[in-house]
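As structure tokens, the structure follows; a few thoughts come after it.
Note that ligands are numbered from 1 as they come in the structure, with each ligand's atoms numbered from 1 the same way. Bear in mind that the values here come from a model prediction, so they are computed numbers and not experimental data.
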Amino acid sequence: MSLLLSTWSFSRPEHESAFASLAPGADPLDAAMHIANAVEADPDVDSVGYGGLPDANGGISLDALVMRSPAEHGSAIALTKVRQAAAAARLVMEKSPHRIIAGPGADDFAMQNGIPEEDLLAPAARERWEAWRHNPTQEPGKRPWDAGLGRLYRTEGGHDTVCVLAQNNQGLAGVCTTSGMPWKTPGRVGDSPIPGAGLYVHPRYGAATITGTGELVIGNCASFSVVESMRQGADPSRAIAHLLELVLAEQPVKEEDQLGVIAVTPEGHWAAGSLRPGFKYVVTDSEGTRVEVPELVIIDEPVPETAS
Ligand code: ASP
């Protein structure tokens, strides 16, 4: 049995071809990378890779993490010259003695290892930044709403990340790649490239990954917390519920905040949950590919007007 999970319906188009590369014996990280690479290259996805919205100064920076285990992971943070952030993170894992490389050094390391230098700011993203710059007092952000059709509905400022978990008879692997929060303070780093925050993979206990307001994720070591609950015997659904309840109890959650969590055991039992309605994820297994609504939504709210 093999399984592929990813956040948001914009990752749906790549699922079948990625799943084809997840046959027994294949490296699950390759399948996860397939989805991450394609979403990063898509200029219509405005929160990951090329096409991502920039920071307050109009500069774009990308963050990514790949992980197989506590001993095997890599992060590339604040990339400003290469679009392939997930590939850069994999290079950190496979070709450096380190776990995290950030800033100009991360760009240099990626380019020295064959990733091309490219312009990161897509024309549409630049236009939206120009509009925001001339009216920065507009609504700082409503959470994204996924209607399952491959694009997200929201006002300016929503953000979202492609997080992928892959499982087969070789084990588990995960990737998390993002351009972070639009209009962020230059230099801001979210949860996505931080092991145990945006993504955590343990070969014996399971994997979890998160999209949403990174500022709510980091302090609760959220992905690690989900996997730790599974280590203690919780099923993925209970582990996600515990995390989301913890965040709500311990942190100031704003109306625009959203968290979407997916988790899987080494045997391929999975669950998903979100803080609010509007999050969707994609699953492929032997029964095919479908866009799913998480079974667990902590705050029950109506559909925002911007989603209609
Ligand atoms: N978690 C990402 C960040 O805070 C963005 C997102 O997933 O929406 O940078």
Could you work out the complete set of other residues in the hydrophobic cluster of Met33, with links drawn between I, L, V, M, F, W and Y side chains under 4.5 Å apart?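 Noted: Met33 shares its cluster with Leu29, Val66, Met93, Val175.
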
So do Pro70 and Pro203 actually touch side chain to side chain, heavy atoms under 4.5 Å?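 In short, these two side chains touch, coming nearer than 4.5 Å.
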
Mark the output for Gly198 as yes if a heavy-atom distance to ligand 1 is under 4.0 Å, and as no if none is.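 Per 4.0 Å heavy-atom rule, Gly198 does not contact ligand 1.
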
Is Arg188 near ligand 1, meaning one of its heavy atoms is under 4.0 Å from it? yes

With atoms numbered from 1 as shown, which atoms in ligand 1 lie under 4.0 angstrom from a non-hydrogen atom of [X]?
X: Asp191; answer: 1 (N), 2 (C), 3 (C), 4 (O)
X: Gly212; answer: 1 (N), 2 (C), 3 (C), 4 (O), 5 (C), 6 (C), 7 (O), 8 (O)
X: Ser192; answer: 1 (N), 2 (C)

Kindly write out the residues that satisfy ring-ring contact (aromatic ring centres under 6.0 Å, His included) with Phe109, not counting sequence neighbours, or none if the list is empty.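 Applying ring-ring contact (aromatic ring centres under 6.0 Å, His included) to Phe109 gives none.
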
N/O to N/O below 3.5 Å, does that happen between [X] and ligand 1?
X: Thr211; result: yes
X: Gly214; result: yes
X: Gly180; result: no
X: Thr213; result: no

Charged N-O contact under 4.0 Å between Glu215 and Lys184: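 Looking at Glu215 and Lys184, the cut-off is not met.
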
In terms of relative ring orientation, are Phe279 and Trp8 parallel, tilted or perpendicular, with 30° and 60° separating the classes? perpendicular

Does atom CZ of Arg126 have more than 12 heavy-atom neighbours from other groups under 6.0 Å away?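 Counting other residues, nucleotides and ligands, CZ of Arg126 stays at 12 neighbours or fewer.
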
Apply side chain to side chain donor-acceptor pair (under 3.5 Å) to the pair Ser11 and Ser6, showing each step before the final yes or no. CA-CA 7 Å; Ser11 57; Ser6 66; 2.6 Å; yes

